[in-house]
Amino acid sequence: SLSEKLQDVFQRLRGKGRLTEADVTEAMREVRLALLEADVNLQVVRDFITRIKDRAIGVDVLESLSPVQQVVKVVNDELVALLGGTQTGLQLSPTPPTVIMLCGLQGTGKTTLTGKLAYYYKKQGRNPLMVACDIYRPAAVKQLEVLGEQIKVPVFTSPAQDKKSPPSIARSAIEHAKANGNDIVILDTAGRLAIDEDLMDELGQMQAWVTPHEVLLVVDAMVGQDAVNFAKQFYERLPLTGFVMTKMDGDTRGGAALSIRAVTSIPIKFMSVGEKLDALEPFHPDRLASRILG
Amino acid sequence: FTGRGALDEDFYEELETLLIQSDVNIHTTERVIGELRKAVREERLDSSEKALDCLKRSLVAILTEPAIAEKQALKVSDKPPTLFLVVGVNGVGKTTSIAKMADMYARSGKKVILAAGDTFRAAAIDQLEIWAQRTQTELVKHKEGTDPAAVVFDAIRAGRARGADYVIADTAGRLHNRSNLMDELKKIYRVTEKELGRAPDEILMVLDATTGQNALSQAKNFMSAVNVTGIILTKLDGTAKGGIVLTLANELKLPIKLIGLGERAQDIEIFDPVKFVDGLFE
Ligand SMILES: Nc1nc2c(ncn2[C@@H]2O[C@H](COP(=O)(O)OP(=O)(O)OP(=O)(O)O)[C@@H](O)[C@H]2O)c(=O)[nH]1
Ligand SMILES: Nc1nc2c(ncn2[C@@H]2O[C@H](COP(=O)(O)OP(=O)(O)OP(=O)(O)O)[C@@H](O)[C@H]2O)c(=O)[nH]1
Ligand SMILES: [Mg+2]
Ligand SMILES: [Mg+2]
């Protein structure tokens, strides 16, 4: 762990009063390693180290805390600050329906998250509607319908032969929701590459037509250095209101969360922690910070 | 990355940055850069072009060393059907990669049978069924929620009875740190091995190119559960470089057998180490 690595670095610091620049430089090397191993983007790591290095130098080695604990505290506090505040759910619209649009790369867990959000709001006494806007992936619509049956939440679909575009399916779904008293509409979209201009334009059109209250980027927690690339591209193309980290029940450190915060400043809204539809947690920055540090 | 300019500290730093940002593990990166510095000195390389060339060759060497080269080619059994078991964590592209392999073999006149071994996830069987239709290959499936090992067992029997060249089995996505799911995979392996009369000819772990350092944990855990024989690296059509495979090759001697370059049946290629390394520097 980082604390153990820093212990080795600071072995010779017994009896010293303050941390010198040389002490801190060596400690920062361990912090840099820990963050890179946690998949934090290299440039984000460099900026992070620059910021905390000055705070760590000259830190008085207090009676109560060892030099290791001091450095770890500076690192941890900065991480928690950067990851953002604890989230308590999504912004619900005063004029229903609240529309939530999910987007992201292929296979990140969007369809499953659609079910999880529907289940989450159903338990709160809401009347959600899930919308199958992925007309490309084989059996994507069926997948959402199966989830809908599991939690007894309706799924809006457009018959395949209608050949309706995803933005028009979304628009029809909102009309349907208003007519049927659904106060939350969750739009599942097809996974896509951020560099696919046509598919990114499709998302842009959907967003323009239905003006969702939340546009959430769904991110696989095991993503590496590439996180800054696609997050930035999605952020530049759409008014993202937040992101969700999925598959957090794995053993990945999840440093991509810090990378995405650094390049977009959008908040982390939820953590998906399993395949079941009840496996959804609010975001806790302190927990994620210690996980990233390892 | 042009690799032009002076062969100075900046050059080495730029290379280090590029490798790390391609998801090459920091320790692998430091090793190859260290070896490059040594080679530049010993071979008296006098330009950054020559140094870059030297680095590329050493990266290709990592991917093609004898321990890997000897298991690089996709296995063909002399006792058909050849059986491939496809495994990996959730959402990486197992089902789609199976469709691509089915298409690849069907087009070359081979008879392929697919096994719908994901009996857990919503509409997983439906998804593979559509691909079987599109690639004109047969599908062996059971009801959702039933034993995945039984599906693979049946598919092997069907493969023998119908003279199939290949049986390719899909399995449910599973996180490598879930011991009950890894136990289920071990059971699928045991049942398969027993019915086939030998170990599966290939156990292909599908890895998403956007994955960072966690790929190492995935590979180690899957290898300790079943004998992973190779990697299918998917989603290389995106911006992610998949550099972690250099570490998988270096530390675990795992060959990359196939790469996925898109969502269509034809978006698959046999892994080419030179092309892959060139891609890191583009
Ligand atoms: N372990 C785990 N698996 C998850 C989680 N979220 C989703 N999954 C699984 O990840 C896989 C992909 O989930 P999907 O919901 O199909 O992903 P998607 O983003 O809709 O995929 P595309 O539509 O193809 O882009 C499935 O096997 C899910 O069961 C999670 O939090 N933990
Ligand atoms: N761009 C791109 N997308 C891919 C590639 N391979 C698979 N996909 C997409 O990734 C998503 C997940 O693919 P699946 O084949 O369902 O993945 P899986 O591993 O079987 O998922 P689970 O069974 O849920 O664990 C789908 O949207 C695929 O179209 C690839 O090489 N490139
Ligand atoms: Mg989906
Ligand atoms: Mg699958």
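We name chains A, B, ... by the order of the sequence lines, and we start the count at 1 in each one.
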Visitor: Could you check whether A:Lys110 pairs with A:Asp188 (Lys NZ or Arg NE/NH1/NH2 to Asp/Glu carboxylate O, under 4.0 Å)?
Guide: no
Visitor: Under a 4.5 Å cutoff for heavy-atom pairs, which residue among A:Leu42, A:Val146, A:Leu33 has the most contacts with chain B?
Guide: A:Leu42
Visitor: Answer with side chain, backbone, both or neither: which region of A:Leu144 has an atom nearer than 4.5 Å to a non-hydrogen atom of chain B?
Guide: neither
Visitor: Please check if the number of heavy atoms outside A:Lys123 that lie under 6.0 Å from its NZ is greater than 12.
Guide: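 Yes, because the 6.0 Å sphere around NZ of A:Lys123 holds more than 12 heavy atoms from other groups.
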Visitor: Does any backbone or side-chain atom of A:Asp196 lie under 4.5 Å from a heavy atom of chain B? Answer side chain, backbone, both or neither.
Guide: neither
Visitor: At a heavy-atom separation under 4.5 Å, does B:Asp237 approach chain A through its side chain, its backbone, both, or neither?
Guide: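 Both backbone and side chain.
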Visitor: With chain A as the partner, which of B:Asn221, B:Asn177, B:Ile244, B:Asp208 has the greatest number of non-hydrogen pairs under 4.5 Å?
Guide: B:Asn177
Visitor: Most heavy-atom pairs under 4.5 angstrom with chain B, which of A:Glu145, A:Glu37, A:Gln43, A:Arg253?
Guide: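 Among the listed options, the one with the most contacts to chain B is A:Glu37.
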Visitor: Please step through salt bridge (charged side-chain N to carboxylate O under 4.0 Å, His left out) for the pair B:Glu30 and A:Arg29, ending with a clear verdict.
Guide: CA-CA 13 Å; B:Glu30 289 181 344; A:Arg29 178 161 194 285; 3.3 Å; yes
Visitor: Under a 4.5 Å cut-off applied to non-hydrogen side-chain atoms, are A:Tyr235 and A:Ile260 in contact?
Guide: no
Visitor: What part of B:Thr17 is in contact with chain A, defined as an atom under 4.5 angstrom from a non-hydrogen atom: side chain, backbone, both or neither?
Guide: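 Both parts, backbone and side chain.
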Visitor: With respect to chain A, which residue among B:Asn90, B:Ile130, B:Asn25, B:Ile26 yields the maximal number of heavy-atom pairs within a distance under 4.5 Å?
Guide: B:Asn90
Visitor: I'd like to know whether CZ of B:Arg107 has more than 12 heavy-atom contacts from other residues, nucleotides or ligands below 6.0 angstrom.
Guide: no
Visitor: Counting only heavy atoms not in B:Lys141, do more than 12 sit closer than 6.0 Å to its NZ atom?
Guide: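 Result for NZ/B:Lys141: open.
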Visitor: Against chain B, work out which of A:Asp39, A:Asp220, A:Val223 has the most heavy-atom pairs shorter than 4.5 Å and name it.
Guide: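 When all of A:Asp39, A:Asp220, A:Val223 are compared, A:Asp39 has the most.
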Visitor: Picking from B:Lys235, B:Glu129, B:Arg178, which has the most non-hydrogen pairs under 4.5 angstrom with chain A?
Guide: B:Lys235
Visitor: Which atoms of A:Asn41 are under 4.5 Å from chain B, going by heavy atoms: the side chain, the backbone, both sets, or neither?
Guide: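 Only the side chain of A:Asn41 comes within 4.5 Å of chain B.
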Visitor: Taking every heavy-atom pair that is under 4.5 Å apart, which of A:Ala139, A:Ala140, A:Ala38 has the most such pairs with chain B?
Guide: A:Ala139
Visitor: In terms of heavy-atom contacts, does NZ of A:Lys276 have more than 12 from other residues, nucleotides or ligands at under 6.0 Å?
Guide: no
Visitor: Check this for me: does any side-chain nitrogen of one of B:Lys275 and B:Asp278 sit under 4.0 Å from a carboxylate oxygen of the other?
Guide: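 Salt bridge: no.
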Visitor: Check whether more than 12 heavy atoms from other residues, nucleotides or ligands sit under 6.0 Å from atom NZ of A:Lys142, and answer yes or no.
Guide: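 No - once you tally the heavy atoms of other residues, nucleotides and ligands closer than 6.0 Å, there are 12 at most.
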Visitor: Centres of the A:Tyr120 and A:Phe270 rings: under 6.0 Å?
Guide: yes
Visitor: Could you tell me which portion of B:Ser217 (side chain, backbone, both or neither) has an atom closer than 4.5 angstrom to a non-hydrogen atom of chain A?
Guide: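 It is the side chain, since no backbone atom gets that close.
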Visitor: By a 4.5 Å heavy-atom criterion (distance strictly below it), what part of A:Glu275 contacts chain B: side chain, backbone, both, or neither?
Guide: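 The side chain, not the backbone.
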Visitor: Please flag which part of A:Ile195 lies under 4.5 Å from any non-hydrogen atom of chain B: side chain, backbone, both or neither.
Guide: side chain
